[in-house]
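I have placed the structure first, in the form of structure tokens, so that the comments after it can refer back to it.
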Amino acid sequence: MDLLDNYKKAWKNQPEEESKFSTVEIYKLAQSRSSSIVKWIFIIGILEFIILNSMYFFVDMDEAYDEYKKLGLENFVYYSQILAYLIIFYFLIMFYKNYQKISTSDSTKLLMKKILKTRKTVRNYMLFNLGYMALLLIIVSVANINLNIDDLSRKQILLIVLLTLVVTIVALAILWLFYQLLYGFLLRKLNRNYKELAKLDGNL
């Protein structure tokens, strides 16, 4: 049983005249815990961005871009990466703004609204990254087929398509599990805070 549960138990058993004080204490604790969770979401987002981009130091990017150029995808990869970075920066800014807003929420209903918005922002961030990876894998596969279309039989094309689907599904599943480890635990805790605030709001 954590500190918030202890507050709730004491709040239910106290005299009615003291309930308003305890309600404020429970709210402040829920707000503090929600603020801490959202701060960690922001920190993890920053660390994820830094770690993933530091991998460029260990990968031969010139060779990778040569392959993209051979497939005719150098412009697509270049501009799509710029767009992806802009969108990721947008989400990181939203993470920080959500943290600031939750930290300064002055009512239970407003805090609940900010928690819902934060959950939505994180889920949209995960869906964007999953969608971008799927799009990149599919476009590379299609470009590879087009490049070698004259040398491929129907059976080979079908096998490439099936292999692309399998690789895409596996890659997305791995990334989804990765995000569940990074953000899923925090989102569940945030959801628990939301439910506790909803119960508290119902007793106001």
Side-chain angles (χ1 to χ4, degrees), residues 31-105 111-144 164-194:
Q31 181 189 38
S32 175
R33 193 163 68 174
S34 297
S35 177
S36 177
I37 292 169
V38 178
K39 179 177 71 174
W40 274 108
I41 288 174
F42 173 66
I43 292 172
I44 290 173
I46 293 289
L47 291 175
E48 177 195 354
F49 179 80
I50 292 173
I51 292 171
L52 290 180
N53 282 278
S54 67
M55 292 175 63
Y56 288 125
F57 294 106
F58 305 99
V59 177
D60 189 349
M61 295 308 299
D62 291 334
E63 184 178 343
Y65 277 112
D66 286 341
E67 288 298 318
Y68 290 137
K69 189 173 182 179
K70 188 187 300 182
L71 296 172
L73 296 176
E74 68 273 20
N75 288 332
F76 166 77
V77 171
Y78 177 75
Y79 290 112
S80 68
Q81 283 187 333
I82 291 177
L83 180 60
Y85 280 132
L86 291 175
I87 294 174
I88 289 173
F89 282 135
Y90 164 77
F91 277 115
L92 292 177
I93 291 171
M94 290 303 298
F95 288 166
Y96 180 71
K97 284 187 174 181
N98 288 338
Y99 163 64
Q100 281 190 318
K101 290 177 180 178
I102 282 180
S103 299
T104 56
S105 296
L111 180 56
M112 290 168 64
K113 183 179 178 181
K114 298 305 179 185
I115 287 175
L116 288 177
K117 185 176 180 181
T118 299
R119 287 169 52 198
K120 184 178 180 181
T121 302
V122 175
R123 288 198 175 107
N124 287 341
Y125 172 73
M126 292 190 291
L127 289 174
F128 165 74
N129 283 307
L130 291 169
Y132 180 71
M133 173 178 278
L135 179 66
L136 190 60
L137 289 172
I138 291 171
I139 288 180
V140 168
S141 178
V142 171
N144 189 48
T164 299
L165 288 175
V166 171
V167 170
T168 300
I169 291 172
V170 171
L172 293 181
I174 292 173
L175 185 59
W176 176 254
L177 290 173
F178 173 72
Y179 280 138
Q180 286 303 303
L181 289 174
L182 279 181
Y183 301 105
F185 175 70
L186 293 175
L187 286 181
R188 285 191 293 273
K189 291 183 68 175
L190 202 58
N191 188 53
R192 181 185 173 191
N193 270 19
Y194 176 84

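Residues: numbered from 1 along the sequence shown. Bear in mind that the values here come from a model prediction, so they are computed numbers and not experimental data.
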[atom1]-[atom2] distance between [X] and [Y], expressed to the nearest 0.5 angstrom:
{"X": "I169", "Y": "L137", "atom1": "CD1", "atom2": "CG", "value": "11.5 Å"}
{"X": "F185", "Y": "R188", "atom1": "CZ", "atom2": "CZ", "value": "7.5 Å"}
{"X": "L127", "Y": "Y179", "atom1": "CG", "atom2": "OH", "value": "10.5 Å"}
{"X": "K117", "Y": "N124", "atom1": "NZ", "atom2": "CG", "value": "11.5 Å"}
{"X": "M133", "Y": "I174", "atom1": "CE", "atom2": "CD1", "value": "8.5 Å"}
{"X": "L177", "Y": "L172", "atom1": "CG", "atom2": "CG", "value": "11.0 Å"}

Would you indicate whether the side-chain heavy atoms of [Y] and [X] approach each other to under 4.5 Å?
{"X": "E48", "Y": "Y183", "answer": "yes"}
{"X": "F42", "Y": "Q100", "answer": "no"}
{"X": "V38", "Y": "I115", "answer": "no"}
{"X": "K97", "Y": "T121", "answer": "no"}
{"X": "I87", "Y": "Y132", "answer": "no"}
{"X": "T118", "Y": "Y99", "answer": "no"}

[X] and [Y]: which non-hydrogen atoms are nearest, and at how many Å?
{"X": "T164", "Y": "I138", "result": "CG2-CA, 4.4 Å"}
{"X": "L92", "Y": "G45", "result": "CD2-C, 3.6 Å"}
{"X": "E74", "Y": "K69", "result": "OE1-CA, 3.3 Å"}

Handout entry: F178, CZ atom: more than 12 neighbouring heavy atoms under 6.0 Å
Key =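 Yes, because the 6.0 Å sphere around CZ of F178 holds more than 12 heavy atoms from other groups.
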
Exercise for the section: Count the heavy atoms belonging to other residues, nucleotides or ligands that lie under 6.0 Å from CZ of F128, then report whether that count exceeds 12. Expected result: yes

Practice task
Without swapping roles, check the side chain of S36 against the backbone of S32 for a donor-acceptor pair under 3.5 Å.
Solution key: no

Test [X] against every option in [options] by the side chain to side chain contact (heavy atoms under 4.5 Å, CB included) rule and name the one that passes.
{"X": "I43", "options": "I46, L47, I41", "value": "L47"}
{"X": "L186", "options": "N191, I44, V122", "value": "I44"}
{"X": "L116", "options": "R119, M112, K120", "value": "R119"}

Practice task
Indicate, with yes or no, if the rings of F89 and F49 have centres closer together than 6.0 Å.
Solution key: yes

Practice task
Could you go through the side chain to side chain contact (heavy atoms under 4.5 Å, CB included) check for Y78 and Y68 one step at a time?
Solution key: CA-CA 10 Å; Y78 177 75; Y68 290 137; over 6 Å; no

